[in-house]
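As structure tokens, the structure follows; a few thoughts come after it.
Convention: sequence-line order gives letters A, B, ...; per-chain numbering from 1. Model, not experiment: these values are computed from the prediction.
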There are 2 protein chains.
Amino acid sequence: MSHGIAIGKVSVATGVKIPTIRYYEQIGLLPAPPRTEGNRRTYDRKDAERLTFIRHSRELGFEIDQIRTLLDLQDRPDQSCADADTIARARLVEVKDKIASLKALEAELERMVEGCSHGRVESCQVIEILADHGKCKHHQHDA
Amino acid sequence: MSHGIAIGKVSVATGVKIPTIRYYEQIGLLPAPPRTEGNRRTYDRKDAERLTFIRHSRELGFEIDQIRTLLDLQDRPDQSCADADTIARARLVEVKDKIASLKALEAELERMVEGCSHGRVESCQVIEILADHGKCKHHQHDA
DNA sequence: GCTTGCTCCTATAGTGACTGGAGGATGTAC
DNA sequence: GTACATCCTCCAGTCACTATAGGAGCAAGC
């Protein structure tokens with residue numbers, strides 16, 4: 001096999017861990033590559049690119065199923081990119097929501113630690129705010 | 001049974017789903033309550049308060065093990081609240097980091113959807129940015 | 001040729017924090 | 001008395017991996 005890339009090399013090149021690469025193959029996100037005589041996976045440059053695409057998508061918080069759709073789109077360049085646009089926009093909304101939610105948490109946590117007088121638990125704002133939901137304005141959070 | 005609260009009532013009162021309440025009992029976060037003759041769990045006001053504490057802590061993103069520590073502290077009001085303070089501060093740092101990370105994602109997603117010309121996938125910024133990691137400045141993310 | 005040590009293989013189980021379903025018992029309202 | 005809501009236990013599933021066990025392949029040095 002002159003120029004097949006071993007899984008370890010692909011892993012380093014793409015930043016995707018070896019078990020994760022095998023996992024992606026298992027769930028059909030990455031095609032099963034040919035094997036050497038010794039039964040080892042041999043990848044090519046296209047596989048590495050696909051993995052980079054996947055990793056980057058995961059970093060952006062897209063779910064595996066969404067990535068499946070995005071990869072399908074990438075494979076058919078003549079199609080409309082409306083689906084990709086929809087997925088990205090939906091993710092953007094999610095991210096904005098999450099930021100807003102986390103900012104609320106941040107404010108409440110700040111109130112907690114600022115209120116801590118470093119004394120006994122008895123008079124601790126941290127414990128007290130956690131115990132009494134009425135003392136805060138925070139209402140919902142999802143991760 | 002005059003004043004035991006049924007699991008369904010506690011669930012509604014605290015906003016914690018019934019299977020989740022049973023799960024918390026199973027992992028030892030909530031003490032196993034007494035049962036009626038018909039083998040049904042009966043809770044009291046203190047249990048409901050404990051569940052509210054847990055729910056609020058989860059909403060703030062604390063992990064179960066941290067909540068265990070926080071509950072232990074609550075049970076011993078004469079102790080120093082330094083541990084609670086440490087946990088809350090650590091969570092605050094996490095939240096701040098996450099906000100920063102999500103803002104980077106937000107920027108990149110915005111660049112993606114703004115660059116989308118609503119044409120073919122061929123020329124779609126969304127797909128292109130995902131494929132080519134060099135086209136973005138984003139580097140790490142954890143959820 | 002042989003050993004050392006790295007890389008790779010499969011298969012299975014574990015993670016966190018739940019959630020869902022099956023199949024059955026109990027409690028309540030009409 | 002019967003319909004229906006609520007509850008019970010146990011077990012499997014979720015997501016996206018991660019870890020472990022137990023072995024085989026391969027490249028380099030002696």
Side-chain angles (χ1 to χ4, degrees), chain A residues 1-2 4-30 32-43 47 51 53-71 91 94 98 140-143, chain B residues 1-30 32-43 47 50-51 53-71 91 94 98 140-143:
Chain A
M1 301 301 120
S2 53
I5 315 169
I7 196 168
K9 308 283 178 192
V10 177
S11 173
V12 171
T14 62
V16 181
K17 287 181 197 147
I18 292 173
T20 306
I21 295 173
R22 290 198 278 246
Y23 168 71
Y24 287 158
E25 178 183 326
Q26 192 189 304
I27 62 169
L29 203 58
L30 192 70
R35 305 285 185 114
T36 64
E37 284 175 29
N39 198 33
R40 296 179 173 210
R41 291 169 177 84
T42 51
Y43 296 95
D47 295 317
L51 268 175
F53 185 103
I54 294 168
R55 200 201 55 162
H56 193 195
S57 302
R58 287 294 299 135
E59 282 172 358
L60 285 166
F62 292 106
E63 289 168 15
I64 298 289
D65 269 0
Q66 296 177 321
I67 297 174
R68 235 182 265 275
T69 305
L70 292 170
L71 282 167
R91 177 64 189 147
E94 273 176 32
K98 189 94 161 244
Q140 205 119 36
H141 172 51
D142 50 43
Chain B
M1 300 302 118
S2 54
H3 48 310
I5 315 168
I7 196 167
K9 308 282 178 194
V10 176
S11 173
V12 171
T14 61
V16 181
K17 286 179 197 151
I18 292 174
T20 306
I21 295 174
R22 291 198 277 246
Y23 169 72
Y24 287 158
E25 178 182 326
Q26 192 190 306
I27 63 169
L29 204 57
L30 192 68
R35 303 286 183 115
T36 65
E37 284 175 28
N39 198 33
R40 293 176 177 213
R41 291 169 178 86
T42 52
Y43 296 95
D47 294 318
R50 200 173 169 93
L51 268 175
F53 185 104
I54 294 168
R55 199 201 55 162
H56 192 193
S57 301
R58 287 292 301 136
E59 282 172 358
L60 284 166
F62 292 106
E63 289 168 15
I64 297 289
D65 269 359
Q66 296 177 322
I67 297 174
R68 235 182 265 276
T69 305
L70 292 170
L71 282 168
R91 178 64 187 147
E94 272 176 33
K98 188 93 161 243
Q140 204 119 35
H141 173 51
D142 49 42

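- Atom P of nucleotide D:dC15 and atom CG of A:Leu29 are separated by 14 Å, given to the nearest angstrom.
- We find that A:Lys98 and A:Glu94 are not joined by a salt bridge, their nearest charged nitrogen and carboxylate oxygen being 4.0 Å or further apart.
- Between B:Asp47 and B:Arg50 there is no salt bridge, since none of the side-chain N atoms of the basic residue sits less than 4.0 Å from a carboxylate O of the acidic one.
- Partners of B:Glu63 under the salt bridge (charged side-chain N to carboxylate O under 4.0 Å, His left out) rule, at least two apart in sequence or in another chain, do not exist in this structure.
- Looking at A:Leu30 and A:Tyr43, their side chains come closer than 4.5 Å, going by heavy atoms from C-beta outward.
- Among residue pairs with one or both ends in residues 12-29 of chain A, those qualifying as side-chain hydrogen bond (donor to acceptor under 3.5 Å, both in side chains) are A:Glu25-A:Arg41; sequence neighbours excluded.
- On the nucleic acid side, DNA chain C has its first and last nucleotide under 4.0 Å of a heavy atom of chain B at C:dA17 to C:dG27, going 5' to 3'.
- Regarding B:Lys9, its NZ atom lies at a distance of 13 Å from the C1' atom of D:dC7, rounded to whole Å.
- Nearest heavy atom pair, residue B:Thr42 against residue B:Arg35, reads OG1-N, 4.3 Å.
- Dashed line: the shortest gap from a side-chain N or O of A:Arg55 to OP1 or OP2 of D:dA16 is not under 4.0 Å.
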Taking protein heavy atoms under 4.0 Å as touching, what does nucleotides 22-29 of chain D look like 5' to 3' if B marks base contact, S marks sugar-phosphate-only contact and - marks none? --BBS---
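- Taking CG of A:Leu60 as the start and CZ of A:Arg55 as the end, the distance is 10.5 Å to the nearest 0.5 Å.
- A 4.5 Å side-chain heavy-atom check between B:Ile54 and B:Val16 finds every atom pair outside the cut-off.
- Of the inter-residue distances, the one linking A:Ile21 atom CD1 with A:Leu29 atom CG reads 12.0 Å to the nearest 0.5 angstrom.
- Taken residue by residue, residues 17-26 of chain A places heavy atoms nearer than 4.0 Å to DNA chain D at A:Lys17, A:Thr20, A:Tyr23, A:Tyr24.
- Between B:Gly8 and B:Ile18, the shortest heavy-atom contact is CA-CD1, 3.8 Å.
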